[in-house]
Amino acid sequence: MSSYKPEEIESKWQEYWKKNKTFKTAENHDKPKYYVLDMFPYPSGSGLHVGHPEGYTATDILARYKRMNDFNVLHPIGWDAFGLPAEQYAVKTGTHPRDTTEKNINRFREQLKDLGFSYDWDREVNTTDPDYYKWTQWIFLKLFDKGLAYEDDVPVNWCPELGTVLANEEVIDGKSEVGGHPVVKKPMRQWVLKITEYADRLLEGLDDLDWPESTKKMQRDWIGKSMGADIDFEIDGHNEEIRVFTTRPDTIFGATYMVLAPEHDLVDKITTEDQKDAVEEYQEEAARKSDLERTELSDEKTGVFTGAYAINPANGERVPIWVADYVLATYGTGAIMAVPGQDERDWEFAEKFDLDIIRTVEPPEDFDGKAYTGEGKAINSEFLNGLGVEEAKEKIIDWLEEHSAGKKAVNYKLRDWLFSRQRYWGEPFPIIHVDGEPKPVGEDNLPVTLPEMDDFEPTDDGNPPLAKATDWVNTEDPETGKPAKRETNTMPQWAGSCWYYLRYCSPEFQDGPVDPEEDNYWMPVDMYVGGAEHSVLHLLYARFWHKVLYDCGVVSTKEPFQRLVHQGMILGEMEFTGYQKGDDWISANIKEDYDNLERVKLDEEQVEKKGDDFVIKGTEIRVDAKAHKMSKSRGNVVNPDDIIDQYGADSMRLYEMFMGPLEQVKPWSTKDVDGVYRFLGRVWRMIINEESGELNESVSEAEPSRDQLKTLHECIQKVTNDIEDLSFNTAISAMMIFINEANKWDEHPKEILEPFIKLLSPFAPHISEELWHRLGNEETIAYADWPEFNEEYLISDTQLYPIQVNGKVRGEINVPREKAKDKEYVLSEAKAEENVKRYLDEGNLVKEIFVPEQIVNLVVK
RNA sequence: GCCCGAGUGGCGGAAUUGGUAGACGCGUCGGACUUAAAAUCCGAUUGGUAUCUAAAUGCCAGUGCCGGUUCGAGUCCGGCCUCGGGUACCA
């Protein structure tokens, strides 16, 4: 072997790492620990795409870097393997989801190994393994015991034609995505988890986490805590009250009407005979609409008067009660007091139906809008008049409490978590129903395994597929021997991914989900890398379970993921698109004026840049230049396997990191991989003689020169700092600078080469191991000591000063190191610089700026 | 609509606390090596402009747009524009 052949050295070292269990996690706890985690992959049938290795390479670099810095590193991987695609495939082809899943996992595992990631493969977990989901079920029992899991009738999307329940995204315009059959809302018995009970703690816990602010904000908004008051309005002529929640109790004197959601219980009771038909029709119409439709068709507000009136408790006014679907049944009490003067939605509704509008907060003089929602003094509000919004809120709440008409209240957008799915390929609930009551099966009877089946379709009456496994469903209560029926719903895919990071700490532990000693050592996760699409759901659900487990004494930390980073999406290659109508080209800036334009993909050679836009070469016709999200339908998906075949895994890893900052969205460009590949070739040839295959003659035991040490230590400093900052792209460029410099040397002392190879090894581990061994080292480079930089070598003999005149650089001077901070010396040298002198001669020097070791600026007038 | 994030060469991107804008890489052009090609190596590469030409050295403009602060602004402040992402009647 002589030239750089990644295909040979990469499989060689992957084999070596496997055989020697190089990356097996240390059993001892006597070093500082570092837990670096990738988000749990779903092993899909299409295999890895280039987005996966982006985050995985970043974490692998950190894992390898920390090992070399003498940390015990936990760097595991596993499979979030339950889920709908394998089940749908089973319905279509009869292949058992277990077989599909196993096949997909094997493919993923091979692909990850081909990339040379340093996972501890002995800790691999799989959510579909009964030994794993035993503990998922165990955690569910804890939730059940604590009263955090309950059954409820929840409206779901039921499609009678298909005989199945559909997820929200499977329903389009009230019809099934598949087949276009009508879908109705149907209440069904479902398991629900009381995540709302943890709302405040989930909110508070965010404060101390090192997460992107935007992600924390999304979680806060999702939880949506708002402070206000519950207020009761009596209904004129009925012995009933309407309770509303409002964040603006201070505006109560402007409450000129009330609105009930169409589903509100009181609607039927209070509607007058005259209005009955209209109200019922409206309710039916609302029921037919899906949630999506209701919000999508929100341009125009709709509603009907019930004929009934309520009494405003603050001033005794009679106000009409309406029904409208802009009030949601599921938030607050499903009823509002409408205050058009201070609420845009209410204003719009009041305007349309000609209802009274009273301002109760004085808008600023220049205000010309409709509803005024800002700060101001209360008006038209009797005893609140003159108060600011906050004072008025406090005062009216006191008043309402005194008069037993209301009280301070808190509301959350967060709802309880619908936790059951009508599917086969998920964790069975460890629950049996005895005499119609749910009962846990008891820890000793875990796991409750999935029954063997070959028909995965739901039953005709909408029961989940598991209902068909009658032998499995019909069982007896192990305690009493009474006949019992097993729960036939399964858990959603989120369940397994809510706690997998704990299982990695002790995958073999038999007495609980996690060994307390291992939990105590490894948790929390120090670095968690994954896509921003999981900002809310996965991360919120996992935090919820973690807090429950904390309360149960199972884990020792309050939060699971101390630091979180989202890798940015990798887009497809940049595409140029021209637009044609017949044979005529249409400029992209006016394409909206035409229908049915033909899109034509153009080659890079066919276009050029003109001003801020790209045009067809030699014309003024603009084209669109854009990188799109990778998708099968667009045909711009890059397969990592092809890149590895062509360039090797080291180049693939290097390119993914070199493209740009980790967290940024970046377009892929296969030809750019050439750059990092050539870099690795240069590293190779610096050390290996391509003709002989031996070490180059320039590789020597000689003492390194001062210049060589400077080049090396600049590189060490930059690479070390950049890894700490996750600036992998600039770390790689620093190593390129080193190579460009080192290639000019006649001699390459090992004392320089070896530290450099260490710097390279977390990024490109295969070539680094190979060169490390060729330089005469026996042990793997994976645990070699990370090089330390020595400030002493970084100092150069001279200091360069750019000289500015009026802020513009007019020359530069080099001064000896010992004079570098000598203001007078530097300034006199600066003024003597030839080009600078010309400017000084033209005017009067009025000011001298001297920034030591940086810059000189002379102000001339 | 609201909330985030981002606008820098032909392209991806660099640029500590404000201190030489364009590092590094791709592409392009030129050269070396070669019978030739590939590979490799060397040089040039923001635009405009001046000194007869070249080399070399200057000058002017330039980090989405307009304005401000400062000796000095890609970086800070005010006002816009465009693109990307999230969210959607949550009272």
Side-chain angles (χ1 to χ4, degrees), chain A residues 3 212-215 217-218 221-222 224 226 228 244-248 251 259 292 294-296 298-299 301 324-328 330-339 342-346 348-349 411-415 532-533 535-536 568-569 571 573-574 604 607-609 612 614 625-627 629 654-655 658-661 663-676 678-679 681-682 685 690 721 727 729-737 740 743 800-812 834-835 838 846-849 851 853-860:
Chain A
S3 59
E213 274 311 313
S214 56
T215 304
K217 191 174 182 307
M218 279 170 79
D221 290 350
W222 188 266
S226 45
V244 301
F245 172 74
T246 177
T247 55
R248 294 295 303 274
T251 62
V259 184
L292 272 175
R294 273 209 200 176
T295 50
E296 269 171 12
S298 63
D299 331 349
K301 295 231 177 324
D325 68 0
Y326 83 90
V327 171
L328 306 176
T330 44
Y331 181 78
T333 59
I336 62 157
M337 64 175 206
V339 191
Q342 276 75 231
D343 186 288
E344 281 158 19
R345 297 153 299 183
D346 295 344
E348 199 189 318
F349 191 84
N411 240 298
Y412 299 89
K413 269 206 269 191
L414 184 70
R415 322 238 171 100
E533 67 273 19
S535 292
V536 176
M569 203 188 344
L571 304 175
E573 300 246 6
M574 164 92 102
E604 215 183 317
V607 299
E608 64 182 343
K609 185 124 183 193
D612 288 339
F614 279 91
K626 211 178 149 184
K629 213 182 235 184
L654 228 35
Y655 176 63
F658 188 60
M659 288 170 84
E663 301 188 56
Q664 201 168 294
V665 178
K666 311 163 274 275
W668 180 271
S669 167
T670 297
K671 70 172 195 260
D672 283 9
V673 184
D674 279 331
V676 293
R678 282 178 203 152
F679 161 69
R682 282 198 282 273
R685 286 189 302 274
E690 289 194 276
N721 292 342
S727 301
N729 54 330
T730 49
I732 293 167
S733 103
M735 291 188 280
M736 288 173 166
I737 291 169
N740 292 345
N743 267 336
L800 180 74
Y801 274 100
I803 313 302
Q804 298 182 330
V805 178
N806 295 336
K808 288 192 170 134
V809 180
R810 299 301 182 185
E812 47 186 44
E834 218 175 310
N835 201 41
R838 288 176 19 206
V846 295
K847 198 167 180 182
E848 296 166 343
I849 314 282
V851 186
E853 296 181 309
Q854 282 209 29
I855 206 161
V856 171
N857 189 11
L858 304 171
V859 185
V860 173

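Here is the naming used below: chain letters follow the sequence lines, and residue numbers restart at 1 for every chain.
Every residue two or more places apart in sequence or in another chain was checked for a salt bridge (charged side-chain N to carboxylate O under 4.0 Å, His left out) with A:Glu834, and none qualifies. By the salt bridge (charged side-chain N to carboxylate O under 4.0 Å, His left out) test, A:Asp674 is found to be paired with no residue, residues two or more places apart in sequence or in another chain being considered.
Across the interface with RNA chain B, nearest-nucleotide mapping of A:Asn411 and A:Arg685 shows A:Arg685 to be the residue nearer the 5′ end. Residue A:Gly660 is the one, among A:Lys808 and A:Gly660, whose nearest nucleotide of RNA chain B lies closer to the 5' end (criterion: closest heavy atom).
Computed from coordinates, the A:Lys609 NZ to B:U45 C1' distance equals 16 Å when rounded to whole Å. Counting to the nearest Å, the C1' atom of B:U46 and the CD atom of A:Glu608 are 17 Å from each other. Atom P of nucleotide B:G72 and atom CD1 of A:Ile803 are separated by 17 Å, given to the nearest angstrom. Put simply, CG on A:Asp346 is 12 Å from P on B:A91, counting in whole angstrom units. One interatomic measurement links the two molecules: CG of A:Asn743 to P of B:C42, which rounds to 7 Å at whole-angstrom precision. Taking atom CG on A:Leu328 and atom C1' on B:A91, their separation rounds to 9 Å, with Å as the unit. In this structure, CD of A:Glu853 is placed 18 Å from P of B:U17, rounded to the nearest angstrom.
Residues A:Glu690 and A:Ser3 approach most closely at OE2-CB, 3.0 Å, considering heavy atoms. Considering all non-hydrogen atoms of both residues, A:Val607 and A:Phe614 come closest at CG2-CD2, 4.2 Å. For A:Leu858 against A:Glu848, the heavy-atom pair with the smallest separation is CD2-CG, 3.8 Å. Contact between A:Met735 and A:Phe679 at its shortest, heavy atoms only, is O-CE1, 3.6 Å. Across all their heavy atoms, A:Phe245 and A:Gly332 have their closest contact at CB-CA, 4.4 Å. Closest approach of A:Val244 to A:Ile336, counting heavy atoms only: CG1-C, 3.5 Å.
Put simply, the side chain of A:Gln804 never gets that close to the backbone of A:Ile855: no donor and acceptor are under 3.5 Å apart. Between the side chain of A:Asp672 and the backbone N or O of A:Tyr655, no donor-acceptor pair lies under 3.5 Å. Between the side chain of A:Tyr801 and the main chain of A:Glu853, a donor-acceptor pair closer than 3.5 Å is present. Remark: the backbone N or O of A:Ser226 is not paired with any side-chain donor or acceptor of A:Asn411 at under 3.5 angstrom.
Note on A:Lys847: a side-chain N or O is less than 4.0 Å away from OP1 or OP2 of B:C71. Contact annotation: A:Asn835 reaches the phosphate of B:C59 (side-chain N/O to OP1 or OP2, under 4.0 Å).
Of the P atoms belonging to B:U75 and B:G67, the separation is 15 Å, rounded to the nearest Å. Distance check on atom C1': B:C89 versus B:C83 gives 28 Å, rounded to whole Å. Between B:A32 and B:G84, the distance separating the two C1' atoms is 46 Å to the nearest Å. A distance of about 24 Å separates the C1' atoms of B:C60 and B:G18, rounded to the whole Å. One C1' atom belongs to B:G25, the other to B:U34, and the distance between them is 27 Å to the nearest Å. With both ends at atom P, the span from B:U69 to B:A54 equals 43 Å, rounded to whole Å. The same atom, C1', is picked in B:G85 and in B:U16; the two are 30 Å apart, to the nearest Å. Taking the P atom of each, B:G78 and B:C3 are spaced 15 Å apart, rounded to whole Å.
Base orientation of B:G43: anti, the glycosidic angle falling outside 90° of 0.
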*Per-nucleotide protein contact string for nucleotides 18-30 of chain B, where B marks a base within reach and S marks sugar-phosphate only (heavy atoms under 4.0 Å, - for neither)*: -BB--BBBSS---
Identify the pairs formed between an N or O of the protein and an N or O of nucleotides 81-87 of chain B at a distance under 3.5 Å, and give each distance.
residue: B:G84; atom: OP1; partner: A:Lys626; partner atom: NZ; Å: 3.2

Table of protein N/O atoms under 3.5 Å from nucleotides 1-8 of chain B N/O atoms:
residue: B:C3; atom: O2'; partner: A:Lys217; partner atom: NZ; Å: 3.2

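Between A:Glu573 atom CD and A:Lys671 atom NZ the span is 7.0 Å, to the nearest 0.5 Å. Between the CD1 atom of A:Ile803 and the CG atom of A:Asn857 there is a distance of 9.5 Å, given to the nearest 0.5 Å. The distance from atom CG of A:Leu654 to atom CE of A:Met736, rounded to the nearest 0.5 Å, is 6.0 Å.
At a threshold of 4.0 angstrom between heavy atoms, the contacts of A:Ser226 are confined to the sugar-phosphate backbone, with no base atom among them. Using a 4.0 Å heavy-atom distance criterion, A:Arg810 is classed as a sugar-phosphate-only contact.
Counting non-hydrogen atoms of neighbouring residues, nucleotides and ligands closer than 6.0 angstrom, the CD atom of A:Glu344 reaches no more than 12 such neighbours.
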_Secondary-structure notation, RNA chain B, from Watson-Crick and G-U pairs under 3.5 angstrom (| other strand)_ = (((((((..(((......[....)))((((((.......))))))((((((....))))))..(((((..]....))))))))))))....
